[in-house]
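Contents: one structure, followed by commentary.
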Amino acid sequence: MSSNNIDFIALPYEKCKNDLAAFRNKNRSDGRDSRYFEWRYLLRPSGKEPVIVWAIDKGGAPAGSLSLIPHEYFVNGQSRFLGVLGDISVSESMRGKGIAGRMLECLHGLKQVSDLGGCMVLPNEEASRPLLKAGWVKKSCLERHVKPLDISGRIRKKAGGFIAGISAPPLNLILRMKEAAIRVPAGYKTACATGFDERFDEIWRRLPKEGVIAGKRDMAYLSWRFADHPIEKFSVFLLSEGAKPSGYIVYKTDEDTIKVYDLLCPASGVEADYLVSSFLKFARSLAAASVTVRASNIALKGFDLKKFGFIKRPDAQDLMARCGSEGPAWNSWHITAGDKDV
């Protein structure tokens, strides 16, 4: 495919991995090393070959690139491979010339892509425009929910230490009151897990999958996404009923904020309430000032975060998709921050 002295070609990742890493790092502010590229492109549990689309100028130099990585999802209860779009990069001199849109046109015409069940991406604002023009559609979004735990720091910044010392304790007590009202179900316990094992396969197996799209969350996927991440360090909080696993929360600490990247509790109701309540108490033991959760409304269906004082913020991130075949499930995405595998 050619347009205005630019050629658009598709290559397997293995044939251009060094060029892709160099071009992406040159044109993005967040540089990544070889361990990251190997993790993201080669070690994913799907084991399927990623596709890289290149824009090459008349002198043979790259003007842009993007990648599509097959990833296993469950679509209305059936295992399907969807393409995860990512690493869209355009050289500075070629920006604003429609390169990203034409790379997408090239991508859409590939047999490897038409053989997939569809494609998805959690784009930044800059990437959203060419995606819309290329026929991608907003299907869901990651909504951000924030739970304040200790507001003394915020008051101290605005009004000083004396006022914070007087006003923060009673306000923090109010923040804890809803958690104290949650009934503890008999036989349940929570603990920090050291990694992902067969217990997480059991939790994933029990998640209802009809009528939704959900990325696979078994032991292999969770280990790859979180335990094996080459840059970020994640931790796991596990809920069990005796020896039976019931739910989990994957999180990382960012200064005085705990960020939840994934959470799952198939039974919902009392179990989900106890998982959230116990996790908030645990977060306080780490001296966290707040907890944030980013997830779609489908992923949070069994979690009543409002009950615990979480506040939904307006800065949602869209999920965009190019559907293989339309159906009700394509409007019902079970996604969390962990589905943005960066």
Side-chain angles (χ1 to χ4, degrees), residues 38-48 69-84 116-117 120 142 185 187-230 232-252 259-276 278-279 282 293-296 298-303 329 332-342:
E38 182 179 13
W39 168 80
R40 189 173 189 199
Y41 286 90
L42 297 180
L43 299 181
R44 190 180 299 256
S46 71
K48 290 188 173 291
I69 311 174
H71 189 89
E72 188 175 5
Y73 282 77
F74 275 69
V75 180
N76 198 24
Q78 301 297 315
S79 175
R80 300 285 296 277
F81 280 94
L82 304 185
V84 177
L116 296 170
M120 64 83 68
L142 287 176
Y188 283 83
K189 62 181 180 180
T190 56
C192 294
T194 57
F196 301 97
D197 53 29
E198 291 80 4
R199 293 174 295 177
F200 294 85
D201 286 340
E202 174 65 17
I203 296 172
W204 164 249
R205 186 188 63 78
R206 296 205 311 272
L207 178 72
K209 303 174 184 66
E210 296 296 326
V212 302
I213 298 178
K216 194 172 184 180
R217 282 165 163 76
D218 62 354
M219 176 181 69
Y221 167 78
L222 294 171
S223 295
W224 167 79
R225 175 61 182 88
F226 298 113
D228 300 338
H229 197 286
E232 307 286 358
K233 180 176 176 57
F234 298 94
S235 301
V236 191
F237 191 78
L238 180 66
L239 170 69
S240 302
E241 180 187 9
K244 175 186 172 183
S246 300
Y248 67 82
I249 292 175
V250 180
Y251 68 95
K252 61 171 283 194
K259 297 180 178 180
V260 172
Y261 276 73
D262 198 33
L263 69 170
L264 198 61
C265 189
S268 68
V270 174
E271 288 188 5
D273 284 350
Y274 182 52
L275 175 61
V276 173
S278 299
F279 184 72
F282 170 71
V293 178
R294 294 174 65 226
S296 66
I298 297 296
L300 294 176
K301 188 174 180 180
F303 294 92
S332 302
W333 289 76
H334 178 120
I335 56 168
T336 65
D339 285 286
K340 191 173 177 67
D341 51 24
V342 296

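Note that the numbering runs from 1 along the sequence shown for the chain. Just so you know, these numbers come straight off a predicted model, no measurement behind them. These values consider heavy atoms only, across backbone and side chains, with no hydrogens, waters or symmetry-generated copies.
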With no hydrogens and no angle check, do the side chains of T336 and D262 hold a donor and an acceptor under 3.5 Å apart? yes
Testing the basics here: between C265 and F303, what is the closest heavy-atom pair and its distance to 0.1 Å? CB-CZ, 3.6 Å
Can you check whether T190's main-chain N or O pairs, donor with acceptor, with S278's side chain at less than 3.5 Å? no
Answer with yes or no whether the side chains of R199 and S246 bring together a donor and an acceptor at under 3.5 Å. no
Salt bridge flag under 4.0 Å for residues D341 and R225: no
Could you state the interatomic distance from NZ (K233) to CZ (F226), rounded to the nearest 0.5 Å? 14.0 Å
Residues that K259 engages under salt bridge (Lys or Arg N to Asp or Glu O under 4.0 Å), provided they are two or more places apart: D254
Under a 4.0 Å N-O cut-off, is there an ion pair linking R206 with D201? no
is_close_aromatic(F237, Y251), centroid dist under 6.0 Å: no
Per side chain to side chain contact (heavy atoms under 4.5 Å, CB included), L238 is matched among I249, T194, I203 by I203
With a 4.5 Å limit on heavy-atom distance, are the side chains of K252 and S235 in contact? no
Whether K216 engages the ring of F74 as a cation-pi pair (distance to the six-membered ring centre under 6.0 angstrom, angle to the ring normal within 45°) should be assessed. no
Determine whether the aromatic ring centres of F196 and Y221 lie less than 6.0 Å apart. no
Side-chain donor or acceptor of K209 paired with backbone N/O of L207 under 3.5 Å: yes
Aromatic ring pairing H71/W224, orientation class (parallel under 30°, perpendicular over 60°, tilted between): tilted
Are the side chains of L263 and V293 in touch, meaning some heavy atoms are under 4.5 Å apart? yes
With no hydrogens and no angle check, is any side-chain donor or acceptor of S296 less than 3.5 Å from a backbone partner on A299? yes
